[in-house]
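Encoded as structure tokens, the structure appears first; notes follow it.
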Amino acid sequence: MAQALFPPLGKDLVGLEGLTREQIIGILDTAEPFKEISERPIKKVPVLRGKTIVNAFFENSTRTRISFEFAEKRLSADTVNFSAGGSSVAKGETLVDTARNLEAMRIDMVVIRHSSSGAARFLGERIASNVVNAGDGKHEHPTQALLDMLTIRDHLGRLEGVKVCIVGDILHSRVARSNIIGLRTVGAEVAVCGPATLMPARIEELGVTVFRRVEEAIEWADVLNVLRLQLERMQAGFVPSLREYNRVFGITEERLARAPRQLLILHPGPMNRGVEIDSAVADGPHSVILQQVTNGVAVRMAVLYLLAGGKPEAAEAAKTEVAL
Amino acid sequence: MSEQERQVLLDERSLERVLARMAREVVEKVADLDSLVLMGIHRRGVELARWIAADIARTEGIPIATGSLDITLYRDDLMAIGPRPVVGETRLPDGGIDNKIVVIVDDVLYTGRTVRAALDELADFGRPRRTLLCVLIDRGGRELPIHADIVGKRYTVEGRDRVEVLVKEVDGRMGVELVKGGS
């Protein structure tokens, strides 16, 4: 794919907010040739040889961590996985301690997943290493949104003007937030659909259309990005029951059959089959869920590569003193 | 860049003559054309490899396998080349390169670092029976002990000057030019 030079990403990838269209398209274009590496007999290139990357997962996420780990290993980086039960420690203190320890161990990059919004930025401002946000609280999950965009572009050939509806728990979703920001930046039309209890107040101010009925969303959209309903939302009273949720918002074959055009179905996983999505849809011809997983590795390779490609003095200059 | 700072080393006809001679040399050095694979180094090397392969196919009457190598991920200077290193396409011909005679094709041989990276990358894809290096222009100035088996033209070019190879598919015209004081 022909690529033009685009503005550098900077030291960290904390979110898609603030990135330009050229930067986002630049990441997607860079991910294209990285797809091919995963098809090679030796699925490895030496580009990050000698670099140490720490995957600091304060919150569990097997698939995101594995995807990053594959990306890192395919770029020949040395990886260390670091996990901590975030619930029992004071979060600010933990991150400062972590930052100081990571600096002392002379690592080059940190991939961080944390339950607190802003954790990635907090860490990035305190260490010289590159920081990649792998999901922070309700804030952003930039690489997930990028892989969603890459998958949509693969299938529809464009992002500009594509109508994407995000269905489900918008209120708690960093995936939704990153998708809304990223997709709108590249010129897609974005809508959301979900129960009123799981819809943020004044969501329209983000420039999205709101559908209260999933049938309307299906009629409007080219792409449905179906979010996982976290089961604790039911216990917390956001939805009356899983069966009820499926009846009103579930993406079923019957509903899709009434769509005026063939829809692309995305889901960031893991799926609750029979709740937000039926098995027939998840495994059906509209689903590109497994391709999202494949593209996730390529997108993460591209992000790590582009961040590592910067001049070291730029990273050093971005370092700020930790005020203790 | 002003016209005064450019000097034409080869015009289109001269370039085609040089390429045709290089194609003959490839045939002379590789008797077993069924095993021949021409791997061009992205980007202009790819077009030169295609040109040579088409020429051999025309004169010898058999199709010649080609592929492309993008060596960006194998460079030894990622941290020095700035924050926007663009990655191109690497493509192997059907049947791969195992036990084949691989001719790496590039436009200009200078420091030798690109060729070193290409050899590293090739080794990740398989084990050719033999590997040869074919370059259009050898401008001297090697920083590694690498030499080409087939050379179109040799020039001694000062370090601050640049040799530009122009191919139709990328530049819209064919030729070789010297850019004085280019970087």
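Just so it is clear: chains get the letters A, B, ... in the order the sequence lines come, proteins before strands, and each one is counted from 1.
Between Y74(B) and K44(A), the closest heavy-atom pair is OH-O, 3.5 Å. Shown here for G88(B) and P33(A), the closest heavy-atom pair between the two residues is O-CB, 3.4 Å.
More than 12 non-hydrogen atoms from other residues, nucleotides or ligands lie less than 6.0 angstrom from CZ of R91(B). Counted within 6.0 Å of CZ on F82(A), heavy atoms from surrounding residues, nucleotides or ligands total more than 12; the atom is thus considered enclosed. Annotation for R24(B): atom CZ counts as buried by contact number, over 12 foreign heavy atoms lying within 6.0 Å. Other residues, nucleotides and ligands contribute at most 12 non-hydrogen atoms within 6.0 Å of the CZ atom of R49(A).
Looking at I37(A), only its side chain comes within 4.5 Å of chain B, counting heavy atoms on both sides. Heavy atoms closer than 4.5 Å to chain B are found nowhere in K43(A), neither backbone nor side chain.
Of residues 57-71 of chain B, not one residue has a non-hydrogen atom less than 4.5 Å from any non-hydrogen atom of chain A. Against chain A, the residues from residues 117-125 of chain B that qualify, each with a non-hydrogen atom under 4.5 angstrom away, are E121(B), A123(B), D124(B), F125(B) in number order. Contact annotation for residues 102-116 of chain B against chain A (heavy-atom separation below 4.5 Å): no residues qualify.
Rounded to the nearest 0.5 angstrom, L92(B) CG and E36(A) CD are separated by 8.0 Å. Taken to the nearest 0.5 Å, the CZ atom of F34(A) stands 4.5 Å off from the CG atom of L73(B).
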Please list, one pair per line, the donor and acceptor atoms closer than 3.5 Å that link side chains of residues 144-157 of chain B to other protein atoms, with sequence neighbours excluded.
unit_1: D149(B); atom_1: OD2; unit_2: L133(B); atom_2: N; d: 2.7
unit_1: R154(B); atom_1: NH1; unit_2: D138(B); atom_2: OD2; d: 3.3

